[in-house]
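Each remark here refers to the structure printed beneath this line.
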Number of protein chains: 2
Amino acid sequence: MAAKKGYLSCLDTVKPVRDALEVINGKWKLPIIISVAVGNERFTDIQESIPGITPKVMAKELKELEQHQLIKRVVVEDYPVKILYKPEPYTDTLTPIIDALKQWGLNHRQKIFHPEVSRVN
Amino acid sequence: MAAKKGYLSCLDTVKPVRDALEVINGKWKLPIIISVAVGNERFTDIQESIPGITPKVMAKELKELEQHQLIKRVVVEDYPVKILYKPEPYTDTLTPIIDALKQWGLNHRQKIFHPEVSRVN
DNA sequence: TATAGTACTTTCCTAAAGGATAGTAGAATA
DNA sequence: TATTCTACTATCCTTTAGGAAAGTACTATA
């Protein structure tokens with residue numbers, strides 16, 4: 001019974017990649033993380049630093065990022081109270097992903113708008 | 001007029017990251033790329049190597065990846081004709097992203113299921 | 001007193017993603 | 001002749017993402 005060719009397994013890579021994508025999926029999570037990592041702490045500042053994001057989406061994404069311990073919501077008991085969003089140590093672990101995406105995005109834009117000059121492919 | 005604090009700009013990073021996300025967004029594009037990169041060439045093999053994907057979604061994603069020149073659809077004129085999906089040179093440029101996501105996903109799973117042993121955070 | 005700022009929430013809506021299931025056309029195989 | 005293989009397509013449906021606009025409770029400021 002000559003074994004039918006069958007496919008090559010790639011689950012070793014596919015599974016962890018999907019785990020990662022589940023946490024950072026969507027259009028806004030990484031931009032918010034980048035903004036907070038750069039030092040924006042107030043709701044309004046973060047919002048204004050990311051063109052196009054609405055407060056509803058911001059609020060939802062901030063909650064999810066908090067649950068994943070990728071940012072911390074800090075209430076400062078002043079009058080009036082201040083609310084700050086701060087990076088967690090765990091946030092730093094995303095740096096390699098963000099860097100890789102940034103570099104790829106820069107190269108991709110080169111490729112699309114100036115194909116003859118682009119470095120890769 | 002003491003300038004109101006204002007936010008810190010992070011567009012240098014946010015913009016290219018968003019460019020990249022637009023190409024590799026969704027649940028399935030990277031898994032498909034991984035499968036093709038590992039050597040799966042036939043529609044059915046790719047599909048079987050990625051648990052949960054349906055043929056409809058496969059077909060749609062393959063078309064989009066082709067448009068972005070991340071895979072090539074090759075028709076082999078045999079009887080019957082064979083259709084092969086192959087990686088393009090440009091596919092390799094995604095390797096750093098895939099590696100970063102894979103490493104992060106592995107670490108994240110550690111953190112979630114064995115917090116006391118996890119390496120980072 | 002009126003306006004503005006802060007951190008949201010609420011409502012309503014559209015579009016896109018994704019999933020289940022079935023079907024199909026041609027060729028090969030039993 | 002019947003079934004299987006291949007690479008899809010077609011239908012239908014549910015869920016999620018995301019966007020527009022307004023509102024709110026509190027405080028501060030002019």
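Here is the naming used below: chain letters follow the sequence lines, and residue numbers restart at 1 for every chain.
Contact of the A:V36 side chain with the A:L65 side chain is not registered, since no non-hydrogen atoms from C-beta on lie closer than 4.5 Å. At a threshold of 4.5 Å between non-hydrogen side-chain atoms, the residues B:Y85 and B:I32 do not count as touching. Counting heavy atoms from C-beta on, the side chains of B:I50 and B:W28 come closer than 4.5 Å. Side-chain contact check for A:L70 versus A:V23: some heavy-atom pair is nearer than 4.5 Å.
Counting to the nearest Å, the P atom of C:dA20 and the CD atom of B:Q47 are 12 Å from each other. In this structure, the NZ atom of A:K63 is 14 Å from the P atom of C:dA7, given to the nearest Å. Atom-to-atom, CG of B:L84 to P of D:dA7 comes out at 8 Å; the value is rounded to the nearest Å. With rounding to whole Å, A:Y7 atom OH is found 15 Å from D:dC5 atom P. The distance between atom CE of B:M58 and atom P of C:dA20, rounded to the nearest whole Å, is 16 Å. At whole-Å resolution of the value, CG in A:D78 and C1' in C:dT6 are 14 Å apart. Separating the CG atom of A:L62 from the P atom of D:dA17 is a distance of 15 Å, rounded to the nearest angstrom. Atom CD of B:E66 is separated from atom C1' of D:dA7 by 14 Å (rounded to the nearest Å).
When B:T95, B:L94, B:D99, B:T93 are each tested for a side-chain contact (heavy atoms from CB on, under 4.5 Å) with B:I97, only one passes: B:L94.
At a cut-off of 3.5 angstrom, the base of C:dG19 holds at least one donor-acceptor pair with the side chain of B:K56.
Counting only heavy atoms from C-beta on, B:K60 has its side chain closest to C:dA17 among C:dA17, D:dA22, D:dG18. Closest to the side chain of A:P55, out of C:dT9, C:dG18, C:dA7, is C:dT9.
Side-chain N/O atoms of B:W28 include one lying less than 4.0 angstrom from OP1 or OP2 on C:dG19. Phosphate proximity of D:dC8 to B:Y85: present, with a side-chain N or O under 4.0 Å from OP1 or OP2. Here B:T44 reaches the OP1 or OP2 of D:dA7: one of its side-chain N or O atoms lies under 4.0 Å away. Listed pair B:R42 / D:dT6 fails the phosphate criterion, with no side-chain N or O lying under 4.0 Å from OP1 or OP2. For B:K27 and D:dA17, the shortest distance from a side-chain N or O to OP1 or OP2 is not below 4.0 Å.
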Under 3.5 Å, which protein N or O atoms sit close to an N or O of nucleotides 23-30 of chain D? Give each pair with its distance.
unit_1, atom_1, unit_2, atom_2, d
D:dA28, OP1, A:Y79, O, 2.9

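B:N25 and B:K29 share a side-chain donor-acceptor pair at under 3.5 Å.
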